[in-house]
Amino acid sequence: METDLKPEIAGNFITHIVEEDLRNNKWNGKVLTRFPPEPNGHLHIGHAKAINLDFGIAQQYNGKCNLRFDDTNPIKENESFVTGIQEDIRWLGFDWEDRLYHASDYFQRMYDYAIELIKKGKAYVDSLSLEEIREYRGTIKTPGRNSPYRDRSVEENLDLFQRMKQGEFPDGAHVLRAKIDMAAGDMLFRDPLMYRIRHAHHHRTGDKWCIYPMYDYAHCLEDSIEGITHSLCSLEFEAHRPIYDWFLAELGIHHSQQIEFARLNLTYTVMSKRKLARLVEENIVKGWDDPRLPTLSGLRRRGYTPEGIRSFLNKIGVAKADSTVDVALLEFSIREHLNKITPRVMGVLHPLKVVIDNYPEDTVEYMEAVNNPEDETMGTRKVPFSKIIYIEKEDFMEDPPKKFYRLTPGREVRLRYAYFVKCENVIKNEKGEPIEIHCSYDPATTGGNAPDGRKVKATLHWVSADHAVNCEIRQYHNLFLKENPEEVEAGKDFLDNVNFDSLSIIENCKLEPGISGAKTGEKFQFERIGYFCVDPDSTDDKLVFNQTVTLRDSWQKIKQKMK
RNA sequence: UGGGCUGUAGUAUAAUGGUAGUACAGCGGAUUCUGGUUCCGUAUGUGGGGGUUCGACUCCUCCCAGCCCAACCA
């Protein structure tokens, strides 16, 4: 009972505010949040943090969360992104029900509100050029100056603004600005732009409008119109909050509370649309869904599960300090989930042929193997065993270090679910590399148990050579060589930190036959190696797997320490 | 003397005037037919100085460090 009620999102400064508001009945007990993506790109795990907060907080406090496309800039935005964004949010496990909105649905109301502000003397049409506006704005250290058009009469402003809307002027001829304070310390308060002229086709409103509202004016209205109670956004909008509040106060309409939190950063990757776009455009990765990218489509293709991602998101918490989360926590979270749900299978990535000399030829035994030791209900399967098998190259060493306890000349190990085998002989190539191992097996150890209670230090996975299914495996490593890809010498940029060995493709891997027919997206644990997911590049003839994440590997650590 | 914000173990977060806790990472060990999982143990922290208080991560003050703001982007 207690676990059912346990909130998924741990207490943080935002839940404190929401709870306080609920206690004070500030919004009549309502919680209404929104996730407001701009349809101009792909969602990444940083967005997932926001989505998880927006939807999660609503869920947790019996509220709702709207999905709203913030489509106020027709030049950058595009319907094609809308579908992908919705797909990603649904995949993550969130539902906006019938509350799918668009900022463009509110264009008329925004226009009417602008007229109201003009009439109040709080907005004016400015006819300065782009360069002049910039110059008049001043700098951080020096105050701005009033535009010569700042004191136009209400009538003139009304007339000009209406004509802007009617398309009488070319792009850039005029803008509508709020009349606030050109000397304000907060740069954003120096008469922010409300509307600009853009003779551009909008993906939803077509050519109906040629003036489009700017973020500072539009966003607060969108929230207000929808009756949003808590408007969560990232830290860089903190400086915008006074304007957000100013417009709503001047208009005297529903006043949502904007709350800012720190966006997610992850080690060894980048998290901005702009930088991700460069990686894609410069062909450093193969597309927006490249499994090395932190995009939701990339993570999905790589084999991450929504549950794993949400669990990660709930572990990292929410705060206002800029921070960078160790990607190891993401990996832990996905392993945690995959461990519970994936069927185990034996697969050899780098095959080494093993001949069991005293095993009869033309005999095949079907060994019973457990599908998931974490979940008995997943049952068992039969895996064929025969005289010639493959084991992992890494599991044999002719001259091993002390802590190596896998196969080595004269040593006995267990073949998982099969038999104890002992290495009798090694055949090597000209370069001295082992190419074929000859073993003897103990028929009494069938199934992998020794009746005399004899112990072996290692259990190896294997695949019967005659029955093996070939496949391609793609292993992924960090896309960047540095924890912080931005850490560069003067004159260089993050692309100089790209790890060009971030993808390894292995052909002719050997899998147990039961895996044939696996479908795109299906996930498995290859025992002793890691978690793998069937890639869409798979064909009827050849399976292609992505390595989602390796298993924890304490042998690697021991090896490192021995160096 | 622009404006705003933030500093808690290696990392991310909790504690809102009353024993500084959790997770990941690290280290050590137990169990194990996956060097996986699980379990046990362990080191490491309030940016710095002053002040208020019986008592300060928490309140005040000064300092230091970092981030955001000068798009007709969001």
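Chain identifiers are assigned alphabetically (A, B, ...) following the order of the sequence lines, protein sequences preceding nucleic acid strands; residue numbering begins at 1 within each chain. Owing to the predicted nature of the structure, the values given are computational and were not obtained by experimental measurement.
Annotation: B:A9 and B:G51 have their P atoms spaced 25 Å apart (nearest Å). Between B:U6 and B:U58, the two C1' atoms lie 16 Å apart (nearest whole Å). B:U13 and B:G47 have their P atoms separated by 14 Å, given to the nearest Å. Comparing the P positions of B:A71 and B:C59 gives a spacing of 36 Å, expressed to the nearest Å. Taking the C1' atoms as reference points, B:U8 lies 23 Å from B:G4, given to the whole Å. When the P atom is compared between B:U53 and B:G48, the two are found 23 Å apart, to the nearest whole Å. Here, B:U46 and B:A65 have their C1' atoms 16 Å apart, quoted to the whole Å. With both ends at atom P, the span from B:U22 to B:A43 equals 12 Å, rounded to whole Å.
Between the side-chain ring of A:Tyr215 and the base of B:A74, no stacking contact exists by the 5.5 Å and 30° definition.
For A:Arg196, counting side-chain heavy atoms from C-beta on, the closest listed nucleotide (B:C69, B:A71, B:A74) is B:A74. Of the candidate nucleotides B:A14, B:C24, B:G36, B:G36 has the atom nearest to the side chain of A:Leu551. Checked against B:G35, B:C5, B:A12, the side chain of A:Lys320 finds its nearest nucleotide in B:C5. Here the nucleotide nearest the side chain of A:Arg134, chosen from B:C27, B:U34, B:C72, is B:C72. Among the nucleotides B:C69, B:A74, B:U6, the one closest to any side-chain atom of A:Phe237 is B:A74. When the nucleotides B:A74, B:A70, B:G35 are ranked by their closest atom to the side chain of A:Phe404, B:G35 comes out on top. The side chain of A:Lys557 lies closest to B:G26, out of B:G35, B:G26, B:G4. When the nucleotides B:C72, B:G35, B:G28 are ranked by their closest atom to the side chain of A:Leu130, B:C72 comes out on top. Picking from B:G35, B:A70, B:A23 the nucleotide with the shortest atom distance to the side chain of A:Arg137 gives B:A70. Ranking B:A71, B:G36, B:C69 by closeness to the A:Pro373 side chain, first place goes to B:G36.
No cation-pi contact links A:Lys482 to A:Tyr268, judged by a cut-off of 6.0 Å to the six-membered ring centre and 45° from its axis.
Distance A:Gln560 CD to B:G35 P: 18 Å, rounded to the nearest Å. The interatomic distance linking A:Asp186 (CG) with B:G2 (P) rounds to 15 Å, in whole Å. For A:Ile140 and B:C67, the CD1 to P distance is 13 Å, given to the nearest whole Å. Counting to the nearest Å, the P atom of B:A23 and the CG atom of A:Leu329 are 12 Å from each other. Separating the CG atom of A:Asn12 from the P atom of B:A23 is a distance of 19 Å, rounded to the nearest angstrom. For A:Glu20 and B:U16, the CD to P distance is 14 Å, given to the nearest whole Å. Going from atom NE2 of A:His16 over to atom P of B:U16 covers 8 Å, rounded to whole Å.
Counted within 6.0 Å of NZ on A:Lys422, heavy atoms from surrounding residues, nucleotides or ligands total 12 or fewer; the atom is thus considered open.
Nucleotide B:C24 has B:G10 as its partner under the Watson-Crick or G-U criteria, with both atom distances under 3.5 Å. Base pairing of B:U44 is not made with any nucleotide, judged by Watson-Crick or G-U wobble geometry with both donor-acceptor distances under 3.5 Å. In this structure, B:G2 forms a base pair with B:C69, meeting either the Watson-Crick or the G-U wobble geometry with both donor-acceptor distances under 3.5 Å. Of the nucleotides present, B:G18 is the one that pairs with B:C54 by Watson-Crick or G-U wobble criteria, both distances under 3.5 Å.
The base of B:G36 lies close enough to the side chain of A:Glu374 for a donor and an acceptor atom to sit less than 3.5 Å apart.
With the nearest nucleotide of RNA chain B identified for both A:Gly317 and A:Arg344, A:Gly317 has the one nearer the 5' end. If A:Ala184 and A:Leu128 are placed on RNA chain B by their nearest nucleotide, the residue sitting closer to the 5' end is A:Ala184.
When each of A:Phe161, A:Trp209, A:Tyr212 is checked for a ring-ring contact (aromatic ring centres under 6.0 Å, His included) with A:Tyr195, only A:Phe161 meets the rule. A:Leu460 pairs in a side chain to side chain contact (heavy atoms under 4.5 Å, CB included) with only one of the listed residues (A:Arg406, A:Glu392, A:Glu527), which is A:Arg406.
The ring of A:Phe69 has its center no closer than 6.0 angstrom to the ring center of A:Tyr101.
Side-chain contact between A:Leu415 and A:Phe420: absent, with no pair of heavy atoms (C-beta onward) separated by less than 4.5 Å.
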Worked check of ring-ring contact (aromatic ring centres under 6.0 Å, His included) between A:Phe532 and A:Phe524: CA-CA 5 Å; A:Phe532 294 82; A:Phe524 300 89; 9.4 Å; no
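For A:Tyr417, there are no ring pair (Phe, Tyr, Trp, His ring centres under 6.0 Å) partners at least two apart in sequence or on another chain.
B:A71 has its base syn relative to the sugar, with a glycosidic angle deviating from 0 by at most 90°.
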